[in-house]
*Asks:* 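Got a structure here, written out as structure tokens. Questions coming.
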Amino acid sequence: MPELPEVETTRRGIEPHLVGKRVKALHVRQPQLRWPVPPAIHQAEGRKLKALTRRGKYLLFHFSNGTIIAHLGMSGSMRIAAAGEPPLFHDHVDLKCSDGTLLRFCDPRRFGAWLWTDQDPARHPLLANLGPEPLTDAFNGDYLLARSRGRKSSVKSFIMDSQVVVGVGNIYANEALFLAGIHPKRAAGRISGARYDKLVAAIKTVLAASIEMGGTTLRDFVGGDGKPGYFRQTLRVYGRGGQPCRQCQTPLREIRLGQRATVFCKLCQT
DNA sequence: CCCTGAACCTGACCGC
DNA sequence: TGCGGTCAGGTTCAGG
């Protein structure tokens with residue numbers, strides 16, 4: 001489910017239910033996630049949640065004595081559940097507040113993560129080397145141009161590299177490249193500054209629009225407030241291989257690039 | 001440093 | 001209906 005817009009939708013959905021509340025207990029039913037859930041996670045118990053922020057696709061639960069670093073992986077979701085609601089098979093973690101509020105983490109594929117750090121989370125190994133947030137001014141055409149020089153890999157792999165920029169997953173990489181008119185296989189190091197300006201604008205547009213619409217609902221994604229996202233209806237290329245380009249009617253091509261489905265228009269993207 | 005492919009895991013779907 | 005193969009929104013890690 002989650003790319004950055006889905007994670008941000010989740011954050012916005014659950015934040016008002018949790019911030020300022022005291023954690024009564026963390027129930028870890030299945031500790032075998034992307035990494036084992038460390039016992040230290042229980043240090044959050046008895047503490048008040050100071051803030052719930054996002055860095056890339058990581059959700060950060062800030063407490064006075066440390067931080068929970070959570071990730072939704074490929075299939076994870078978080079929702080506010082009714083007190084007393086029985087957990088389903090893939091509901092691996094519950095965060096229960098002293099007022100009865102219940103945050104429930106479901107993740108069938110278990111690529112998600114729940115970790116604890118008592119250091120500055122920004123220096124945690126998983127976060128320390130992340131690129132800029134895509135919706136900030138630090139992410140601009142000059143930056144991408146500088147980072148891409150000498151790179152032979154495809155521009156699509158390049159913008160999906162979280163050390164370059166966070167939050168651009170497979171759906172939005174496909175969409176942004178279409179909007180910018182850039183062929184996904186083009187070598188990152190041989191793209192002009194003007195085209196990178198355009199690509200950056202496209203990435204910001206696509207991500208912002210999707211956040212605005214509550215994310216892209218594929219399969220069963222729902223935000224923390226239980227509402228589905230509506231961005232799917234506006235997808236230009238993702239999931240549309242073989243169907244006509246919305247600009248020129250040419251059938252869209254679908255290939256695999258770095259083991260990921262890649263869809264583009266051979267006429268509109270060069 | 002850069003790049004590629006494998007790995008983690010379950011479930012849905014397709015063709016036989 | 002069942003079985004095997006393929007694919008899925010992410011990310012780290014090992015190896016060349």
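In what follows, chains carry the letters A, B, and so on, assigned in the order in which the sequence lines appear, proteins first and then strands, with residues in each chain numbered from 1.
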*Asks:* Any donor-acceptor pair, under 3.5 Å, between the side chain of A:Arg110 and the base of B:dC9, if you only look at N and O atoms?
*Replies:*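 Looking at the base of B:dC9, it does not pair with any donor or acceptor on the side chain of A:Arg110 (distance under 3.5 Å).
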*Asks:* Tell me what A:Leu126 touches on the nucleic acid: a base, only sugar-phosphate, or nothing, going by heavy atoms under 4.0 Å.
*Replies:*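 Sugar-phosphate contact only.
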*Asks:* Taking all atoms of both residues into account, what is the closest heavy-atom pair of A:Gly141 and A:Tyr196, and its distance?
*Replies:* O-CB, 3.9 Å
*Asks:* Expressed in angstrom and rounded to an integer, what is the separation of A:Met160 atom CE from C:dA8 atom P?
*Replies:* 11 Å
*Asks:* Take atom OH of A:Tyr172 and atom C1' of C:dG9, then tell me their distance rounded to the nearest Å.
*Replies:* 9 Å
*Asks:* Looking across every strand, which nucleic acid part, if any, lies under 4.0 Å from A:Gln32 by heavy atom: base, sugar-phosphate, or nothing?
*Replies:* nothing
*Asks:* Under 4.0 angstrom, heavy atoms only, what part of the nucleic acid is A:Arg260 near: base, sugar-phosphate, or nothing?
*Replies:*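 Base: the residue A:Arg260, judged by heavy atoms under 4.0 Å, touches a nucleobase.
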*Asks:* Rounded to whole Å, how long is the line connecting atom CZ of A:Arg55 with atom C1' of C:dG10?
*Replies:* 16 Å
*Asks:* Atom CZ of A:Arg109 to atom P of C:dA8: distance rounded to whole Å?
*Replies:* 10 Å
*Asks:* Who is the Watson-Crick or G-U wobble partner of C:dA14, with both distances under 3.5 Å?
*Replies:* B:dT4
*Asks:* Hey, is the main chain of A:Phe139 close enough, under 3.5 Å, to the side chain of A:Lys204 for a donor-acceptor pair?
*Replies:*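 Checked: pair present.
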*Asks:* Between B:dT4 atom C1' and A:Lys152 atom NZ, what is the distance in whole Å?
*Replies:* 14 Å
*Asks:* Specify the separation, in whole Å, of atom CH2 of A:Trp35 and atom P of C:dC13.
*Replies:*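 To the nearest whole Å, that distance equals 6 Å.
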*Asks:* Side chain of A:Gln259: nearest nucleotide among C:dT11, C:dG9, B:dA6?
*Replies:* B:dA6
*Asks:* Which whole number of Å gives the distance between the P atom of B:dC9 and that of C:dC3?
*Replies:*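 Their P atoms lie roughly 23 Å apart.
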*Asks:* Is the aromatic ring centre of A:Phe111 closer than 5.5 Å to the centre of the six-membered base ring of B:dC8, with the two planes inclined by less than 30°?
*Replies:* yes
*Asks:* Could you state the atom-to-atom distance from CD1 of A:Ile159 to C1' of B:dC3 in whole Å?
*Replies:* 17 Å
*Asks:* Which part of the nucleic acid does A:Phe158 contact within heavy-atom distance under 4.0 Å: base, sugar-phosphate only, or nothing?
*Replies:* nothing
*Asks:* Counting Watson-Crick and G-U wobble pairs only, both distances under 3.5 Å, name the nucleotide matched with C:dA8, or none.
*Replies:*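 Because both required distances fall under 3.5 Å, C:dA8 counts as paired with B:dT10.
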*Asks:* If you count every heavy atom of other residues, nucleotides or ligands that lies below 6.0 Å from A:Lys21 atom NZ, does the total exceed 12?
*Replies:*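 Yes, because the 6.0 Å sphere around NZ of A:Lys21 holds more than 12 heavy atoms from other groups.
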*Asks:* Is a donor on one side and an acceptor on the other found under 3.5 Å between the side chain of A:Arg240 and the backbone of A:Arg236?
*Replies:* yes
*Asks:* Rounded to the nearest angstrom, tell me the gap between atom CG in A:Asn129 and atom C1' in C:dT12.
*Replies:*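 The answer, rounded to whole Å, is 12 Å.
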*Asks:* What are the two closest heavy atoms between A:Gly112 and A:Leu33, and how far apart are they?
*Replies:*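 Looks like O-CB, 3.3 Å.
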*Asks:* The side chain of A:His90 lies closest to which of these nucleotides: B:dC3, B:dT10, C:dG9?
*Replies:* B:dT10
*Asks:* Look at all strands and tell whether A:Ala113 reaches a base, only sugar-phosphate, or nothing, counting heavy atoms closer than 4.0 Å.
*Replies:*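 No contact at all - A:Ala113 keeps every heavy atom at 4.0 Å or more from the nucleic acid.
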*Asks:* Between A:Arg256 and A:Arg34, which has a closest nucleotide on DNA chain C that is more 5'?
*Replies:* A:Arg256
*Asks:* How close do A:Thr262 and A:Lys156 get, counting heavy atoms only, and between which atoms?
*Replies:* OG1-NZ, 2.9 Å
